[in-house]
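For reference, the structure discussed in these notes is given below.
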2 protein chains.
Amino acid sequence: MKLYDFAMAPNARRVRMFAAEKGIELETVSIDLSKREQMNDGYRAINPRLAVPALVLDDGTLITESVAICRYLDALAPEPALFGTDAKDQAIVEMWHRRVELEGMQAVADGVRNSVEFFAGRGLPGAVDFPQIPALAERGKQRVDLFFAMLNERLADSEYIAGDNFTIADIAALIGCDFAKVIKKRISEEQSHLHRWYAAVRARPSASA
Amino acid sequence: MKLYDFAMAPNARRVRMFAAEKGIELETVSIDLSKREQMNDGYRAINPRLAVPALVLDDGTLITESVAICRYLDALAPEPALFGTDAKDQAIVEMWHRRVELEGMQAVADGVRNSVEFFAGRGLPGAVDFPQIPALAERGKQRVDLFFAMLNERLADSEYIAGDNFTIADIAALIGCDFAKVIKKRISEEQSHLHRWYAAVRARPSASA
């Protein structure tokens, strides 16, 4: 199988970090989004959604959506259990992962895509162009502040976001926190619980994958 | 366990329909969002996120996020396999479910929350108020048209959205299509594949749950 990837793309990083935690080495092909290579005919034939990451299996099946790719990798290598252990734990991991996606990653993406010059006319990823919406960028930035405050409160009581174990919710949150730097949102040292968590997760080898 | 629910809330309907497909009968408590009962102190103590659905387990554990609740129910009753069967099928279901959520349910929600009078000052669900963003409502409506066209194309080749079997992706898509009526977006009969699928899925007993 082959992963279509780009170093700076947050969702591609989510897959790389997940694979690294599982000890899976993936053959990767870089699609340079900074040069809009995802719009080329060559890539269009591979993934008509014109986004990365995309995983192509040996039988030719295309899997898009970073979490769908992570679920496939999870089935190949069940340990460590990054989607949770038993039924209750899996539900709690899903809950926190989705909160991180909806309150964090989505907020950061709204902020970045709707304010950064590079994304002018490209307010959403994918095959169709949408204009930036400045009010949505502002809302995104406000929500990033709320997200950091929410995480700081949660991490006062919990070693990792979904409980005692490192999970995909931590991967998503790390990537959200790092991506937020693009719109000048950074964790403050006063958010001591979040700061403690960030330092620990950022120090994992997988964070550099 | 007890499900906090509201008949008209799309994400609550997603859980009810999923449970009905599994043959699980849930004890439900209705929180009347039309009267903003989710803001009351009583419910605030149960779910500080002030949204439905929310599942409270017998040990007191709170599970929010509709898909997290569905995953818990799936573990209780694995058949029928609404999240897919083997590793590849599960990844394909996750991919289509996420496409339906991101391209469909999210687009409809953007359209509804940012244009309907009832949601004035409540552009997002949850504990914090955000003003409506008219440009986001317009983008949402445009994206609903693209979503219907995408589904129609997909369903020309596939009985259900993720393949030969009915899955959670179909549940999410049905609910997205029905919720879109609030902003006057309806499947046209000319979209014959989507129309065929909609009639079949709408006729399932679970669609009335």
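The contact between B:Glu101 and chain A is made entirely by side chain atoms (from C-beta outward), counting heavy-atom distances below 4.5 Å. Contact annotation for B:Asp74: neither backbone nor side-chain heavy atoms come within less than 4.5 Å of a heavy atom of chain A. Both the backbone and the side chain of B:Thr64 come within contact range of chain A, judged by heavy atoms closer than 4.5 Å.
Other residues, nucleotides and ligands place more than 12 heavy atoms under 6.0 Å from the NZ atom of B:Lys181. Dense packing is recorded around CG of A:Asp129, with more than 12 heavy atoms of other residues, nucleotides or ligands lying under 6.0 Å away. A 6.0 Å sphere centred on CG of A:Asp59 holds more than 12 heavy atoms belonging to other residues, nucleotides or ligands. More than 12 heavy-atom neighbours from other residues, nucleotides or ligands sit within 6.0 angstrom of CE on B:Met39.
Most heavy-atom pairs under 4.5 Å with chain A, from the set B:Gln90, B:Arg49, B:Gln142, B:His97: that is B:Arg49. Ranked by heavy-atom pairs under 4.5 Å with chain A, the first of B:Gly84, B:Ala87, B:Ala75, B:Cys70 is B:Ala87. Ranking B:Leu62, B:Leu136, B:Val93 against chain A, the residue ahead of the rest is B:Leu136, based on heavy-atom pairs under 4.5 Å.
Note that the CZ atom of A:Arg71 and the CZ atom of B:Phe83 stand 7.5 Å from one another [nearest 0.5 Å].
In this structure, B:Ala91 and A:Ile63 approach most closely via the heavy-atom pair CB-CD1, 3.9 Å. Contact between B:Lys88 and A:Leu57 at its shortest, heavy atoms only, is CD-CD1, 3.7 Å. B:Glu94 and A:Ala68 make their closest contact through CG-CA, 3.5 Å (heavy atoms, listed as atom of the first residue, atom of the second, distance). Here the closest non-hydrogen pair linking B:Glu65 and A:Arg99 is OE2-CG, 3.7 Å. Annotation for B:Arg139 and A:Ile133: closest pair CD-CD1, 4.1 Å, computed over non-hydrogen atoms.
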For this session: Step by step, work out the side chain to side chain contact (heavy atoms under 4.5 Å, CB included) result for B:Met95 and A:Ile69.
Result: CA-CA 8 Å; B:Met95 171 177 74; A:Ile69 298 172; over 6 Å; no
